[in-house]
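One structure is given here, and the rest of the page talks about it.
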Amino acid sequence: MTTRVRFAPSPTGYLHIGSARTALYNYLYAKKTGGKFLLRIEDTDIARSTEESTRSILEGLAWLGLDHEEEIVFQSDNADKHREAAKKLLAEGKAYRDFTPKEAASDKTVKEAIIERARQADKNMRDNPYRNLSEVESDTRAANGEPYAIRLKVAESGKTSFEDEVFGLQERDYSDTEDLVLLRSDGHPLYNLAVVCDDIEMGITHVIRGQDHLTNTHKQVLIYEALGATPPKFAHLPLILAPNKGKLSKRKHGEIVSMTTYRDAGFIPAAFTNFLALLGWSAGEEQEIYSMDELIEKFSLDHIHRSSAVFNFRENDPRHWTDDKALWMNAEYIRTMPLDELLPLVKAELKAAKLWREEYDSSADFSSQSNEAPTQDSPPSEGGVAAASADGVVLSSSRQWFERAVELIRHRFFTLKDFSSQGRAYFSEDYDFDAAAIAKNLTKFPDLRDWLPELADRFEAEFVDKEYSEENIETLVKAFTEEKGTKLGVIMNGARTLLTGVAVGPSMLSVFEILGVEKTVMRLRSQVAWNQ
RNA sequence: GACCGGUUCGUCUAGGGGUUAGGACACCGCCCUUUCACGGCGGCAACACGGGUUCAAAUCCCGUACCGGUUACCA
C-alpha cells in the first residue's frame, strides 16, 4: 500500500513555523516511502477562515519547495458528506441529538469558560440529559424544528488506544472523553468529524501532526470505530516553543513565526528547510547540512524526538533577531552552495532592490570566454575582468563580472538581503556609508582626506596601459604607503570605507580589482563620506 | 483540577547499563590578515531532584519538582 499523508492547515493566518515543520515532515515521509503528499485546507471554521490565509500558506509551502500532489481538498466542500456521516451515526444509535440551547459566546469568553469549567473537579462526561432520550421523543422534537447538535455516544466504560509512531502506546479511559459534538446545531460539521471523514475519503495512511492533537486523536479513534473504519497510523510531533519555553504564538511573537518573514529577510529555502528538519528530528549522526535529497533518504519517524524544541531568538537584538542556528545555516548555504544555484537568488534580490542590470545576464561582450562559473579554487586574477581591462575597458556589467563579484562577497553574508545592503556598493553608485566605518577608518586619520584623492591620481596615471591586476595594485599601494610613512592598513581601510561604505569585506586588493579602475578613482576622490 | 506528554551544555542535539558524556550554534580567547561577521586552533558549558534495581544508572523502575499539551456547538 502506498503511503498517503496530508498537511492540513486551517487558513486562519500565515504559515506558522511549526506548521511549516509539520508540512516538511509529512513531505519527507511521503518522499521517503514513495508515497504521496496531499494538501487539505481545513476551513470548517467559516468565521475565521480567509482566502488570504490560504494564499499565504500556499505561498509559504511553495517557497519551501513542498509541492503537494493531487487536488487541494477544501474541507468545507465536503460538509454534506460530513453531515451524512453524522446522520448515519445518529440512525445507528451511535450518536444522539442534544437539544441543549447553544450558548452564544465570543471567542474570549469561551476560553474563559473552559478554564472556569476545568477548575471544577472531575465532572461526569455522561451526564447529558439528552443522552438517553427516547428515539420517539428525539425524532418528534427534531421534527418540530427544535435545534440540536449531534453528539457521539461514548461508551460508559472502556478505553481508546493507539500506537503512536513517535510517542508509543497511547491509552485514554472513556470516562475522560466527553460525548463530543459531531454536528453543530446550525448543521455545520465539527473538526473531529470532518478530519476523520476526509482522511478516510482521501485514503490517508499516516497522520503526521502536532502533539497538540494527541487528545483529539482519542476522539477521532472513537469516530473511526463508530464509522466502522480502520484508523490510519498516527505520528505526533513535539511542539516548537518560544525561548521562555512557553507557547510560540502568532499573537505574542508575531512576525518571527511567519514563513513570509524568512522569505522576505533573504533566507534560502533549502537552508531554512534544513534548519527546520533538525528542530525535532535528527538522523543520529553529526552531520548537520543536508540537501533535500539527503533529508528524504535519512528521514524516519522513529528518530523524531518526544521532547519539544525551543526556537531560540532574542527580541530587540538585531544580530540575533531569529534563531542563531538558522542564521548560521543560511550563511553557510550562501557561502558554500554551488554558485550557479546562488546566482538566481542574488539576481532576484538585486531585482527587488532595483540594482539588477540586464547585462549581468548576457555574456555577449565575452564571446571568447567560457560561460562556466568560476570555482572557488580558481584564482580570480586569471579571470576575464583583468583580461578585459587590459584593453582599458571596465566591464563591470557583464555576466562574468557578476559571477566573480558574488563569489567574492558572499563569504561574509548571512542573508540574501546582504547583497543589496552591505554589498550595495558593488552594484550601485548610490550606497550609504556606515558611521562606525567612517569614524574608525577615516576621521581617525585626517591625512587620508588628502592622501586618498592623491592615491586616485596615482591609479589613474599608473593604469592607463598597465594591467589592472591585484599584483600591480598591491605594488602601487605599498609604494604609496611607504612614501607617506604610514601603515598599509590605514590606507587600505580608508579606501575600503570610501569604496564600499562598510568596514568589513574581502581583501581590498580584490575589491579594487572587481570595482575596476574607473570606479576606484572616482570613489577615492569623493568627499561624500568625509562630509557626513 | 483531571487526563496525557516531556526534562543531556544558554539553544539545537548524539549517546539508552561501564564514555575523560560527543558534535553544532552562540559566547570568549589566540592565530591568519590591510579591516572583518571568511578561515584555522583552543576554551567555557549539561545528564532536573530524591529514592530504588544493579558489581555498575545520564541510560531501567517509582516518586517529586518544573515545563508543555488537551480539557469548545475552534481548528
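In the text below, chain A, chain B and the rest are named by the order of the sequence lines, each starting its count at 1.
- Taking atom CD on A:Q75 and atom P on B:C74, their separation rounds to 13 Å, with Å as the unit.
- Between A:Q422 and A:L278, it is A:L278 whose nearest contact on RNA chain B lies nearer the 5' terminus.
- We find that NE2 of A:H213 is positioned 14 Å from C1' of B:A72, with the value rounded to whole Å.
- In this structure, the side chain of A:H411 engages the main chain of A:E407 through a donor-acceptor pair within 3.5 Å.
- Residue-to-nucleotide contacts include no donor-acceptor pair under 3.5 Å from the side chain of A:S507 to the base of B:U33.
- In this structure, A:Q220 atom CD and B:U71 atom P are separated by 12 Å, rounded to whole Å.
- Contact check, A:S282 against B:U13: no side-chain N or O comes under 4.0 Å of OP1 or OP2.
- Side-chain atoms of A:T215 and base atoms of B:C3 include no donor and acceptor less than 3.5 Å apart.
- Among the nucleotides B:G5, B:A75, B:A37, the one closest to any side-chain atom of A:V504 is B:A37.
- Tested against A:Q170, the residues A:T215, A:T217, A:D164 include a single side-chain contact (heavy atoms from CB on, under 4.5 Å) partner, A:D164.
- Remark: P of B:A24 and CG of A:L276 are 22 Å apart, rounded to the nearest angstrom.
- Side chain of A:E286, nearest nucleotide from B:G5, B:G23, B:U34: B:G23.
- Residue A:D212 places its side chain closer to B:G69 than to any other of B:G69, B:C73, B:A37.
- Projected onto RNA chain B by closest heavy-atom contact, A:M508 and A:E171 fall at different nucleotides, the more 5' of which corresponds to A:E171.
- The side chain of A:H320 lies closest to B:C27 when the candidates are B:G22, B:C27, B:C12.
- Aromatic ring pairs are classed by plane angle as parallel below 30°, tilted from 30° to 60° and perpendicular above 60°; the pair A:Y262 and A:F267 is perpendicular.
- Closest to the side chain of A:K247, from the set B:G69, B:A75, B:G6, is B:G69.
- A:F167 has its CZ atom 16 Å from the P atom of B:G68, to the nearest Å.
- Relative orientation of the A:F272 and A:F275 rings is tilted, given thresholds of 30° and 60° on the angle between their planes.
- Atom pair A:L237:CG and B:U70:P shows a separation of 15 Å (rounding to whole Å applied).
- When the nucleotides B:A37, B:A26, B:U35 are ranked by their closest atom to the side chain of A:R314, B:A26 comes out on top.
- Within the 4.0 Å cut-off from OP1 or OP2 of B:C74, at least one side-chain nitrogen or oxygen of A:R184 is found.
- Between A:R496 and B:U34 there is no side-chain N or O to OP1 or OP2 distance below 4.0 Å.
- Here the side chain of A:K219 is nearest to one of B:G6, B:C73, B:U71, namely B:U71.
- In this structure, A:H305 reaches the B:U13 phosphate: one of its side-chain N or O atoms is under 4.0 Å from OP1 or OP2.
- Summarising the geometry, the separation between CD on A:Q287 and P on B:A24 is reported as 14 Å, rounded to the nearest angstrom.
- Residue A:K245 has no polar side-chain atom (N or O) positioned under 4.0 Å from OP1 or OP2 of B:G6.
- With A:F99 as the aromatic partner, A:R141 meets the cation-pi criteria of under 6.0 angstrom to the ring centre and within 45 degrees of the ring axis.
- Side-chain contact between A:V154 and A:E178 is absent, with no heavy-atom pair separated by less than 4.5 Å.
- Of the side-chain N and O atoms in A:S308, none sit less than 4.0 angstrom from OP1 or OP2 of B:G6.
- Side chain of A:L488, nearest nucleotide from B:U34, B:C73, B:U71: B:U34.
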Worked verdict on A:D432 versus A:R424 for salt bridge (charged side-chain N to carboxylate O under 4.0 Å, His left out): CA-CA 8 Å; A:D432 293 330; A:R424 194 177 178 89; over 6 Å; no

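- Under 3.5 Å, the side chain of A:R48 and the base of B:C74 form at least one donor-acceptor pair of N or O atoms.
- Put simply, A:R335 has a side-chain N or O that comes within less than 4.0 Å of OP1 or OP2 on B:G39.
- Remark: the A:D43 side chain and the B:A75 base include no donor-acceptor N/O pair separated by less than 3.5 Å.
- One atom, CZ of A:R83, and another, C1' of B:C73, lie 14 Å apart when rounded to the nearest Å.
- With B:U35, B:A37, B:G6 as the candidates, the nucleotide lying closest to the side chain of A:K440 is B:U35.
- Distances were taken from every side-chain heavy atom of A:K325 (C-beta onward) to each of B:A75, B:G23, B:U34; the shortest belongs to B:G23.
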